[in-house]
Amino acid sequence: MSSKHTNWYKNAVIYQIYPRSFCDSNNDGLGDIQGIISKLDYLKELGVNCVWLSPIYDSPQKDNGYDISNYLDIYPPFGTMDDFKEMIKGMHDRGIRLIMDLVVNHTSDQHKWFLSAINDKNSPYRDYYYIKKGKKNGKKPPNNWQGFFGEGAWTRIGDTDEWYLHLFTKEQPDLNWENPKVREEVKNILRFWLDLGVDGFRCDVINLISKKQDFKSRFPFIALTGHDAYINGPRLHEYLHELYKDVYANYDCMTVGEAVLATPKVNISLTDPKREELDTIFNFSHTDSDNFMGVKYFYRKFKLTRFKNRLNKQQVTLNGKGWNSLFLENHDQRRSVGRFGSTEKDINSSKSLAASYFLLQGTPFIYQGQEIGMRNAEFKSLDEIKDIESHNIYKIFNKLPLIKKKMINILYEVSRDNARTPMIWDDSEYGGFSKVEPWIRVNPSKDIVNVKAALADRNSLYYFYKQLIEIKKNNKVVEDGEFKMISLNNPHIFAYSREKESQKLIVISSFSNKSRKFKLTENLSDKDIVLSNFDNHEKKLKPFETRIYLVNKK
Ligand code: ISL
């Protein structure tokens, strides 16, 4: 059977919407689908051609929708199925595709499968989850695995001797993919949305779906205990290929998998088109370059060379073998303004950073608000933070008298809620997001950083992104031109080239607040510059200057 699956993802520019924080149409303080519909012209004008929508399925919202209780319906405060159909039509009419978030490593503990599994010993759904007898007469968990949100990975079912596995909060029980019925359920969910016209999926924590079946305790190592048992498990590739063969091959859809702490070798196998698993993956090695071991609370100072080296490795590893996703932000990461060498004080630093990642080889993503330079939330107390992960971690830090204060300040700085404050459309009381007080407080910088101000200023970051998007969409060299990092060890400049046949693109971005010399081996003239954040170009690069050259060698 021939595959309907094509490569449109290679020319996609994807905008991520976090629905509860994008736009509130009915003034209940929570974003919704009609709110998204009201902003589709904004997205078209920006130039993106695809949207990744974070979960809108029915959910108790313990983890803002990453805990799904019904995969085939919409969370009522977000809208109805009719709203959804109107939204997808509105997108398609504007040449914008839609990929949905697929959260199938776990369900909500309120999903009917799970409720039946724990309440009825004879339930056909018991095997949908990992339910195991505890140790010590059922009083202790079956093993010492840790989850990702500062909790042990097992929760006892009432006062029985049984426990269930959850790699995230206890309200997110893990599905048992060993059970073929679970895989059939997932395929049916995929088909349901694809038949409604959805163009693909962002697959949440997809490299956790297969677990080693020994369920033995591991050598204890802080939060990482058990990682070898459930990251890139033994049947991961088999499951993904099965989904591809039975579902994705029959649709012209794209898939991007979230690959948690994956190795380069796994990343190649996940995205090698010949293996038919996923089209592309999110690799976090560069966003983790300012922490140790991928744990954001183990914060360390940003170093441009480390950041460049990690991106370089991603590029070189997948070149000709797989496909990268390019990103700086998402709903789990703090904002990039003030991070990765950029600074709130100088908008040029955000432009330099944008040019550095956007034209690498891969599919670029923009997280809502990134295009206007939205900033971190500046949390001052735990009441301002809603994220369940932050609250779990707070409980741990609170027990550490000597370092408590320092760790709690780090928590405010890196909390996922930094990215989840409402999108700021204007400088009105609630930033134009809503007319009532939103579910989480509006960013204090709303008077300076908002869409209205960005659209009125020809030098804004918004217009810089808009031009980057045009360059990406209109030049074949940006799609699959060969990538080469230039001066990898230069601590101040991020420079690279992309080359295909007669076209060559060169990006040179300064991450320094001083003028810097930068010598290229080739002769480039100012007339080859297609985008820059300065009008005049001298020999030396000005502080945070970025230049993009496009040369036709014929
Ligand atoms: O943000 C993180 C920890 O601070 C990441 O480790 C994150 O948990 C990981 O990338 C998985 O994220 C995804 O699955 C989670 C959900 O909470 C995140 O929002 C989602 O992006 C569980 O579904």
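Counting starts at 1 for both ligands and their atoms, following the listed order. The figures here come from the full heavy-atom set of this structure, side chains too, leaving out hydrogens, waters and symmetry mates.
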S.K.: Counting non-hydrogen protein atoms only, what is the nearest one to atom 17 (O) of ligand 1? Give residue, atom name and distance.
M.R.: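 Nearest protein contact, heavy atoms only, for atom 17 (O) of ligand 1 is D63 OD2, 2.4 Å.
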S.K.: Taking the six-membered ring for Trp, are F365 and F282 ring centroids under 6.0 Å apart?
M.R.: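 F365 vs F282: aromatic centres under 6.0 Å.
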S.K.: Quick one: which of V295, D332, D288 has a heavy atom closest to atom 18 (C) of ligand 1?
M.R.: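 Looking at heavy atoms only, the winner is D332.
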S.K.: Can a cation-pi geometry be assigned to R20 and W439, taking NZ or CZ under 6.0 Å from the six-membered ring centre and within 45° of the ring axis?
M.R.: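 Geometry flag: set, cation within 6.0 Å and 45°.
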S.K.: Does R300 make a cation-pi contact with F292 (under 6.0 Å, within 45 degrees of the axis)?
M.R.: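 Relative to the ring axis of F292, which defines the angle, R300 lies inside both limits.
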S.K.: Show which atoms of ligand 1 fall inside a sub-4.0 Å distance from at least one heavy-atom site of E258.
M.R.: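 Heavy-atom distances to E258 below 4.0 Å select 9 (C), 10 (O), 11 (C), 12 (O), 13 (C), 21 (O).
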S.K.: Less than 6.0 angstrom from the centroid, inside 45 degrees of the normal: does K112 satisfy that with respect to the ring of Y125?
M.R.: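 No.
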S.K.: Numbering the atoms of ligand 1 from 1, which are under 4.0 Å from a heavy atom of H106?
M.R.: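 Checking each atom against H106, I get 22 (C), 23 (O).
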S.K.: Less than 6.0 angstrom from the centroid, inside 45 degrees of the normal: does R235 satisfy that with respect to the ring of W177?
M.R.: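 Negative - R235 is either too far from the ring of W177 or too far off its axis.
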S.K.: Is the H5 to Y244 ring centre distance short of 6.0 Å?
M.R.: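 Yes, the ring centres sit under 6.0 Å apart.
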S.K.: Would you mind running through ligand 1 and noting each atom that sits below 4.0 Å from a heavy atom of R416?
M.R.: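 The atoms of ligand 1 under 4.0 Å from a heavy atom of R416 are 1 (O), 8 (O), 16 (C), 17 (O), 18 (C), 19 (O).
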S.K.: May I ask whether R202 places a heavy atom under 4.0 Å from ligand 1?
M.R.: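 It does; at least one heavy atom falls under 4.0 Å.
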S.K.: Check this for me: does any side-chain nitrogen of one of R416 and D63 sit under 4.0 Å from a carboxylate oxygen of the other?
M.R.: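 Here R416 pairs with D63 in a salt bridge, since their nearest N and O are under 4.0 Å apart.
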S.K.: Can you list the ligand 1 atoms lying under 4.0 Å from a non-hydrogen atom of H331?
M.R.: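 Counting atoms of ligand 1 from 1, those under 4.0 Å from H331 are 18 (C), 19 (O), 20 (C), 21 (O).
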S.K.: Can you list the atoms of ligand 1 that are under 4.0 Å from a heavy atom of R420?
M.R.: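 Checking each atom against R420, I get 19 (O).
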S.K.: Kindly confirm or rule out an N or O of Y297 lying under 3.5 angstrom from an N or O of ligand 1.
M.R.: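 So ligand 1 has no N or O lying under 3.5 Å from an N or O of Y297.
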S.K.: What protein heavy atom is closest to atom 3 (C) of ligand 1, reported as residue, atom name and distance in Å?
M.R.: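 The closest heavy atom on the protein side is E389 OE2, 2.9 Å.
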S.K.: Below 4.0 angstrom from a heavy atom of V205, which ligand 1 atoms are there? Numbered from 1 as shown, please.
M.R.: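 Atoms satisfying the 4.0 Å criterion: 11 (C), 13 (C), 14 (O).
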S.K.: Please work out whether any backbone atom (N, CA, C, O) or any side-chain heavy atom from C-beta onward of K62 is under 4.0 Å from ligand 1, and answer side chain, backbone, both or neither.
M.R.: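 Under 4.0 Å from ligand 1, K62 contributes no heavy atoms.
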S.K.: With a heavy-atom distance limit of 4.0 Å, tell me whether Q333 approaches ligand 1 through its side chain, its backbone, both, or neither.
M.R.: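 Under 4.0 Å from ligand 1, Q333 contributes no heavy atoms.
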S.K.: Under 6.0 Å from the six-membered ring centre of W425 and within 45° of its axis: does the NZ or CZ of K39 meet both?
M.R.: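 Here K39 passes the 6.0 Å and 45° test against W425.
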S.K.: Between Y130 and F215, what is the ring plane arrangement, given parallel below 30°, perpendicular above 60°, and tilted in between?
M.R.: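 Rings of Y130 and F215: tilted, as their planes differ by 30° to 60°.
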S.K.: Both conditions, 6.0 Å and 45 degrees, for the charged tip of K132 above the ring of W154: are they met here?
M.R.: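 K132 over W154 ring: no.
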S.K.: Is atom 5 (C) of ligand 1 touching the protein, meaning some protein heavy atom lies under 4.0 Å away?
M.R.: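 It does not: no protein heavy atom is found less than 4.0 Å away from atom 5 (C) of ligand 1.
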S.K.: For ligand 1, which atoms, with element, lie under 4.0 Å from some heavy atom of D204?
M.R.: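 Taking each heavy atom of D204 in turn, ligand 1 has 13 (C), 14 (O), 20 (C), 21 (O), 22 (C), 23 (O) under 4.0 Å.
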